[in-house]
2 protein chains.
Amino acid sequence: MTPSPNPTDDFRTLRLLPLGGLGEIGLNMLAVECGGKILIIDCGLMFPEPYMLGIDLVIPDVSALRQRRDDILGILLTHGHEDHIGALPYLLDDLGSPPVYGTPLTLGLLKNRLSERRLDSPARLHTVQLRQPLKLGPFEAEFFRVTHSIVDGAGILLRTPAGNILHTGDFKLDPTPVDGQPTDLGFLAACGSEGIDLLLADSTNVENEGHTLSEKSVGDTLNSLIPACRGKVVVSTFSSNIHRIQQILNAAANAGRRVLVNGRSMIANIAVARELGCLRVADDLFIDLRQYETLSPHRVLLLTTGSQGEPLSALSRMAAGDHKQLEIAPGDTVILSSKFIPGNEKAITSLINQLFRRGADVHYETTSEIHVSGHASKEELKTLHALVRPRHFVPIHGEYRHLVRHARLATEMGLPAANAFVLSNGQTLVLGPDGAHRGEEIETGRIFVDGRGVGDLGSVELRDRRHLANHGVVNVILAINQKTGEILYGPEIFSRGFITEDCGGDYLARAEQEVRELLDQHSLETVGDWEEIRVEVRKCLRRFFNRTLDRRPLILPFILEL
Amino acid sequence: MTPSPNPTDDFRTLRLLPLGGLGEIGLNMLAVECGGKILIIDCGLMFPEPYMLGIDLVIPDVSALRQRRDDILGILLTHGHEDHIGALPYLLDDLGSPPVYGTPLTLGLLKNRLSERRLDSPARLHTVQLRQPLKLGPFEAEFFRVTHSIVDGAGILLRTPAGNILHTGDFKLDPTPVDGQPTDLGFLAACGSEGIDLLLADSTNVENEGHTLSEKSVGDTLNSLIPACRGKVVVSTFSSNIHRIQQILNAAANAGRRVLVNGRSMIANIAVARELGCLRVADDLFIDLRQYETLSPHRVLLLTTGSQGEPLSALSRMAAGDHKQLEIAPGDTVILSSKFIPGNEKAITSLINQLFRRGADVHYETTSEIHVSGHASKEELKTLHALVRPRHFVPIHGEYRHLVRHARLATEMGLPAANAFVLSNGQTLVLGPDGAHRGEEIETGRIFVDGRGVGDLGSVELRDRRHLANHGVVNVILAINQKTGEILYGPEIFSRGFITEDCGGDYLARAEQEVRELLDQHSLETVGDWEEIRVEVRKCLRRFFNRTLDRRPLILPFILEL
């Protein structure tokens, strides 16, 4: 464990402590320190990588801040996506429950998450007003509007005695957002004039040429697709994309279809968004299941989650014909108004194939213009850099290659190459009167959440899970009289995930025979070398399985001494 | 097991028996029966789907043909990709070792595969001449040139007393292939004139608009990229794509770089292709490792496999800094001249990020025009249908959605909808004087290959592997005196992939206590209900783990009766 970072009382120096989100998608969390005080921007989770078998969620390791709890003045949230707020319910207490600041929808979504973990009370949530500077110790934070694939997204200007930091959050420059509130370009220009010492900007889409399409273009597609459908229409999208949901509801209303909403998070988020006025919809548009069943198919639209092919989602169960109430019939149309999130491609195309087998027509990202990204493409990033003209730049939110390319883009826009810093998690940056330089490394990492357990699984268990996944398990049981060395029972071998019962019977009997022969060679009378025998038994079986089948199951010998 | 198909002696009737490749990518294998005799077209494998944990390969189940071995006249191979020839080494014997027909490179690659399984002798391999009809019982087979992402690809016209079948193999209409041998459009037109009763055509790229780019366009990109590189150049591509390899070698020669070839299959395939005259290269272009190490970086190019991020490949090891001889240095350029095969995206982007971390510049499919597909896009498929004008159509080679869309495309091109058949594996089609109709279902399936074991693993073992992968394993050991019911040992619990040793100690002790309490409630004196106790122990622990941690490990209770 590296020592926790030493506080600096120097108000002319500012430290950036990246705790997550650099060189990875998700886990976004950044601490900014000035004059011994700390502000945190975002506290996101990560959905597990394929190698993290059985893991539900990943959250950042905040050990580095544990000794500094009392110095944390607050947590600022840029927007309500899980990769920016999702770790907070797990870490708020660890961080000393500081006040949390964000826009209304961001806090609305956070409240749902906190109450799921029964954490309503300790959270002190403060709604911020855009463009209203907020004084927090040595910091002054000013939130400003950015467009993104969620309503109420914000970037943050942090004014400090050591310099001004501009953090874009996740953003794009949508000129025609659904709510008419585009990214505050005027503010960005004003920042450029005021002087930005350090820009932190979203790098997710730096590999995409040109401009990201406006969210409104999806509305156009929906309005041309849905009226032409004859059967039921099922639309699946991300439950946090309130503007997308607004456009789907509008298109349904335009086409004379009433809407059944399905999916726990979809229902919850629509409720929050309506309450906060972020979603405007006539009360009689929504129907319940009973009404849905009585209306004719061309009068209904089912709005649901499950666009990533999640096996337990209603949509997957409908596609498999396993859903009790909802079904897909020939002539129905399914629209996946969503991205194929990397890692989920196989699950999504499998879902699509199943829907085709049920006779549905299916529209999706690769065949219809039914989804747009929420992140700025290359030309938008250039506009950002041109407006802000920062003195230093740290690309954030992206895999390593995105950070490298974004740093290159900044230097192409005129920033001195020495002033662009591709940081990794834990690599601090110090900004002072003489410019910026890399500081000490602090401890960071990933904590796994599996079921109710947080951090009780590590790399050893994941390695074992991979081994078990690929090769199965073979148990060997042997009972020995510890005085005489007489074998009282076994060796008996049983396996799971290794070989079928039909083929395994004779084969595992041969394996038992190998172990018996091994034991015959050993004098079992010498008490005390059981551990050695365990090792020998494992080696013997490993060789046998390797030689005969070229397989490497996890071998668990168990020797009882009675 | 369904009965094996009844032979039909009727020469006016033809049966299509799809054994694999419909509604899936890979496993391509189709039997055609006429007058009691059978020809097989292709015999491919499939790379495992993500849920097939630890499986090396999948091959088709040919049980349906096992009783019909003596009627099989031959196996015709369209081209040398694994998904068309790869199952043959495993199945040739099962199929009665009939003669195998194919073009020179196809057979050359097959020979390598056969000798890997020490099967040189039984295979009777016959090289076919394109456009030379081949008489095989009631069939006449004529191979013709198609362009694809492998050299020496062919389609097949089968003339039979019951009608003509045209099988495209995998194809595209590349107007400027590297070897100057485009798809034989004249032959396709002649087929249209002669009359095709049934067309079977590649559906892989039916969702792609327009035309697939010519292979030569990749050569143009390579020739503009490579001369501009200053450090080492590493190019990774598929080892079977001989034309791509030719273009890479040409670009290397043009840029004054000599080439080190790496990867077992790359070396083997280059040898076969050179021997057959499919690859033309000056002898002094290639260098060995010693020469590679002495030449300056801007004078060498490393041609290697590993473009899919395979963890054990040289490229992955170089990216991780784990390769003993080969390394990536800042300023080097890596070109992945390959597709992101669905399911491999995460592994590939992880490879790319690692290469960036080593300071390399990386070009890949999504950022550079460095790869083209080998399959016909929508407009090419339209050209095919316009030339052939078949009476009936069965889309092949594709997931279910591709087959549906290809059938739609055929009907848009004028085919009566009733004459387009979207078949599934095992769904036979009968073509007779009165047209075509669906016939009986035959047995098909997937056989798993894991190590040296073929078919000794099934869905039960895969389900267990998934369970183990996601939750780990918990073993419970208990020894009981079978006469008195006295507990001689345990209950002792040990786990793998479930909980860390640190957190697990106390926790598993609590679990043991739960089992002890359960056993106290049972009278262990009644001999014979051990199985019941096993079930109760499992239930007890399942409840405990579920209640306390919300986890579901595979629980393996083992009760010894002594």
Side-chain angles (χ1 to χ4, degrees), chain A residues 23 49-50 53-54 207 342-343 345-346 349 352-354 356-357 362 366-367 399-401 404 450-453 455-458 460-462 464-473 475 477 479 488-490 494 496-504 507 548-551 554 556 558 560 562, chain B residues 23 49-50 53-54 207 342-343 345-346 349 352-354 356-357 362 366-367 399-401 404 450-453 455-458 460-462 464-473 475 477 479 488-490 494 496-504 507 548-551 554 556 558 560 562:
Chain A
E49 298 277 333
L53 294 170
E207 289 188 342
E345 294 88 346
K346 279 274 183 183
T349 54
I352 293 168
N353 286 318
Q354 280 193 302
F356 267 107
R357 281 188 198 271
V362 193
T366 50
T367 61
E399 298 176 26
Y400 194 81
R401 62 195 162 117
V404 171
D450 182 13
R452 262 197 282 286
D456 61 359
L457 267 175
V460 173
E461 288 68 39
L462 287 188
D464 283 342
R465 286 186 179 183
R466 275 197 297 283
H467 193 153
L468 291 164
N470 287 321
H471 305 285
V473 63
N475 286 292
I477 309 282
L488 302 172
Y489 187 96
F494 62 105
R496 294 298 283 270
F498 177 60
I499 193 163
T500 56
E501 243 179 79
D502 279 0
C503 304
Y507 180 73
T548 51
L549 277 184
D550 193 18
R551 291 195 194 153
L554 189 70
L556 300 177
F558 198 78
L560 284 74
L562 293 173
Chain B
E49 298 276 334
L53 294 170
E207 288 187 343
E345 294 90 348
K346 278 274 182 182
T349 53
I352 293 168
N353 287 318
Q354 280 193 302
F356 267 106
R357 280 185 197 272
V362 194
T366 49
T367 61
E399 297 176 26
Y400 194 81
R401 62 196 163 120
V404 169
D450 182 13
R452 264 197 280 289
D456 62 357
L457 268 175
V460 173
E461 287 69 39
L462 287 188
D464 282 343
R465 285 186 178 182
R466 273 197 299 283
H467 193 153
L468 290 163
N470 287 321
H471 305 285
V473 62
N475 287 291
I477 310 281
L488 302 173
Y489 187 95
F494 62 105
R496 294 299 281 269
F498 177 61
I499 194 163
T500 56
E501 244 179 81
D502 279 0
C503 304
Y507 180 72
T548 51
L549 276 183
D550 193 16
R551 288 194 195 153
L554 189 70
L556 300 177
F558 197 78
L560 283 76
L562 295 171

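First the proteins, then the strands, lettered A, B, ... as listed; each starts at 1. None of these values were measured; they are calculated from a predicted model.
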[X] versus [Y], closest heavy-atom pair with distance:
X	Y	value
Arg452(A)	Asp550(B)	N-CB, 3.9 Å
Leu468(A)	Arg465(B)	O-CG, 4.1 Å
Ile499(A)	Leu457(B)	N-CD2, 4.1 Å

Could you give the distance from CG (Leu560(B)) to CG (Leu560(A)), rounded to the nearest 0.5 Å? 6.0 Å

For the CG atom of Asp450(B) and the CZ atom of Arg551(A), what is their distance to the nearest 0.5 Å? 4.0 Å

Which atoms of [X] are under 4.5 Å from chain B, going by heavy atoms: the side chain, the backbone, both sets, or neither?
X	answer
Leu462(A)	neither
Thr548(A)	backbone
Ile477(A)	side chain
Val473(A)	both

If we define contacts as heavy-atom pairs under 4.5 Å, which of Glu399(A), Arg357(A), Glu49(A) has the most with chain B? Arg357(A)

Largest heavy-atom contact set with chain B, pairs under 4.5 Å, which of Gln354(A), His467(A), Lys346(A), Glu501(A): Lys346(A)

Kindly indicate whether the side chain of [X], heavy atoms from C-beta on, has any atom under 4.5 Å from the side chain of [Y].
X	Y	result
Arg401(B)	Val362(A)	no
Glu461(B)	Thr500(A)	yes
Asp456(B)	Leu549(A)	yes

Part of Asn475(B) lying under 4.5 Å from any heavy atom of chain A: side chain

Among [options], who wins on heavy-atom pairs under 4.5 Å with chain A?
options	value
Tyr400(B), Tyr489(B), Phe356(B)	Tyr400(B)
Asp464(B), Asn353(B), Val460(B)	Asn353(B)
Gly504(B), Gly54(B), Ala469(B)	Ala469(B)

Quick one, Arg496(B) with Leu554(A), criterion side-chain contact (heavy atoms from CB on, under 4.5 Å). Give me CA distance, side-chain angles, the key distance, then yes/no. CA-CA 9 Å; Arg496(B) 294 299 281 269; Leu554(A) 189 70; 3.8 Å; yes

With a 6.0 Å cut-off on ring centres, are Phe494(A) and Phe558(B) close enough? yes

